[in-house]
Amino acid sequence: MMKIMMVCGARPNFMKIASIVSAIDEYNANPGKTKEIERLLVHTGQHYDGKMSQSFFDDLGLPQPDVNLEVGSGSHAEQTAEIMKRFEPLLKEAEPDVVVVVGDVNSTIACSLVASKTQYSGRSNGTGSRLNSRKRPLIAHVEAGLRSFDRTMPEEINRILTDSISDFLFTSEENALTNLTREGVDPNKVFFVGNTMIDTLLKHKAKCSSSSILQRLGIAGVQASDSSIDSIPPYGVVTLHRPSNVDDEKTFGGIIGALSRIAEDLPLIFPVHPRTRNRISEFGLEGSFKFENERPQQVSRGIHGIEPLGYIDFMQLMSNARLILTDSGGMQEETTILGIPCITLRENTERPCTITCGTNRLAGVDSEKILSLASPLVQSIATTAGAPKPVSPPLWDGHAGERIIAILADKLIF
Ligand code: UD1
């Protein structure tokens, strides 16, 4: 038996972990397997609101976590330390062979750091197998090697540190190997497997198209469940949650100013992250938004602020949008596969293949620059119905999770 402990904590983790969970289940269902894989799912509780966490478990059919550490919010130090304190005894008790961490959130670095220093006490059963002689868990980092080269981003620090202590570095795009090699990582630890977030998108695409979110928001008519994108009135989708964009009043105000001008021609739907919601109140920006929840009047010009959406509803909303404006990393990748123009409201991206292979453009946060990129797109939406063709970067084919489990089984069991 090989024991794999998987860690998730924040919203973007759940899609990535879902692919690994389903790959383990498929592996175990194979009658030709050498050994069973036991899986343990740990939720750190970094995100805890129903709309930021449980709705993703429901939508993705994820099993309930075996353990929820319930750490909640705090400063970076408080949150990271609390996860480490609560994760250590769990790890020592469960003694997994591998700890799988995904992405770049505080839960990722906290749990990998604990795993790197843990020593198992009584672990030797005399079988002589490589599995049972292990004194600490191996660390597998999914989405390794991405770099924005911007160390003011907490996620960049989490990525660099996690990669430097991981035993398996599973990469999603080809240039990650160059980044890791430059940092002195042994290339034998690096495995280019593809993108687990895209595995989940491809798996759930058909289910997403049955979501009624467009009707509930008044974008499409009640009868429009069979609508093609051409018959759905054009709209754009916005998400913003990076502290560098929303915590600074001047920066956030400038972005909202640009969005308001875009929204004069293209209605914008904005599912608002809790951090962003707090800043909108704090900075008195409510006047720039129309805050209606389900079923407003026909979707009209302006910025429509709504509650965060679950995975299936959000994918349906995004898939039918004509333009995305975001500071999310995952959405840069999802729009690449969906072939939807994406304007990224950041100065850099750790996912450059979304620019070279995909439809992503970097606008930064200057309102004139945002408008200069968005305006021609908004004008072309009014005159043509054509969307860019979806592009698949290498290995974004729906099988990254299976590759990860095949590699772990091969290296650990045989
Ligand atoms: C975290 C990740 C970020 C990821 C994002 C996705 C880190 C360093 N940041 O940022 O990389 O892109 O998640 O959403 O790990 N809050 C709630 N309910 C929740 C969770 C948070 O109300 O369920 C509020 C709290 O006020 C909290 C704030 O949102 O203080 C920020 O949450 P936090 O997890 O600290 O960071 P995110 O901005 O979500």
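All ligand and atom numbering here is 1-based and tracks the order in the structure.
For atom 24 (C) of ligand 1, the closest non-hydrogen atom of the protein is Pro274 CB, 3.7 Å. Scanning all protein heavy atoms for the shortest distance to atom 18 (N) of ligand 1 gives Asp49 OD2, 3.0 Å. Nearest protein heavy-atom neighbour of atom 8 (C) of ligand 1: Asn106 OD1, 3.3 Å. Among all non-hydrogen protein atoms, the one lying nearest atom 9 (N) of ligand 1 is Glu155 OE2, 3.6 Å. Looking only at protein heavy atoms, the nearest one to atom 6 (C) of ligand 1 is Pro12 CD, 3.5 Å. In terms of protein heavy-atom proximity, atom 7 (C) of ligand 1 is closest to Gln46 NE2, 3.6 Å. Closest to atom 16 (N) of ligand 1 among all protein heavy atoms lies Tyr48 OH, 3.5 Å. Given atom 25 (C) of ligand 1, the protein heavy atom at minimum distance is Ser73 OG, 3.4 Å.
Paired with Asn106 under the rule side-chain hydrogen bond (donor to acceptor under 3.5 Å, both in side chains), one option of Glu155, His76, Glu78 passes, and it is His76. The one candidate from Arg182, Lys189, Arg147 that meets the salt bridge (charged side-chain N to carboxylate O under 4.0 Å, His left out) condition with Asp163 is Arg147.
Atom CD of Gln119 has more than 12 neighbouring heavy atoms from other residues, nucleotides or ligands inside a 6.0 Å radius.
Annotation for ligand 1: atoms under 4.0 Å from non-hydrogen atoms of Asn278 are 26 (O). Atoms of ligand 1 lying under 4.0 Å from any heavy atom of Met52, numbered from 1 in the order shown and given with element: 23 (O).
Remark: Thr349 engages Gln332 in a side chain to side chain donor-acceptor pair (under 3.5 Å) (not counting sequence neighbours). Remark: Thr335 engages no residue in a side chain to side chain donor-acceptor pair (under 3.5 Å) (not counting sequence neighbours).
Between the side chains of Asp58 and Gln54, a donor-acceptor pair is found at a separation under 3.5 Å. For the residue pair Asn348 / Glu350, no side-chain donor-acceptor distance below 3.5 Å is found, with atom types taken as modelled.
The closest donor-acceptor contact from the side chain of Lys3 to the backbone of Leu40 lies at 3.5 Å or more, if one exists at all.
Within the set Glu78, Gln54, His241, the minimum heavy-atom distance to atom 10 (O) of ligand 1 is found for His241. The option with the heavy atom closest to atom 14 (O) of ligand 1, from among His47, Arg275, Gln79, Met153, is His47.
In terms of polar-atom proximity, His76 is not counted as a contact of ligand 1, lacking any N or O under 3.5 Å from an N or O of the ligand. Checked by distance only, ligand 1 and Asn158 stay at 3.5 Å or farther apart across all their nitrogen or oxygen atoms.
Residue Gln64 comes nearest to Phe57 through the heavy atom pair NE2-CB, 4.1 Å, listed as atom of the first residue, atom of the second, then distance.
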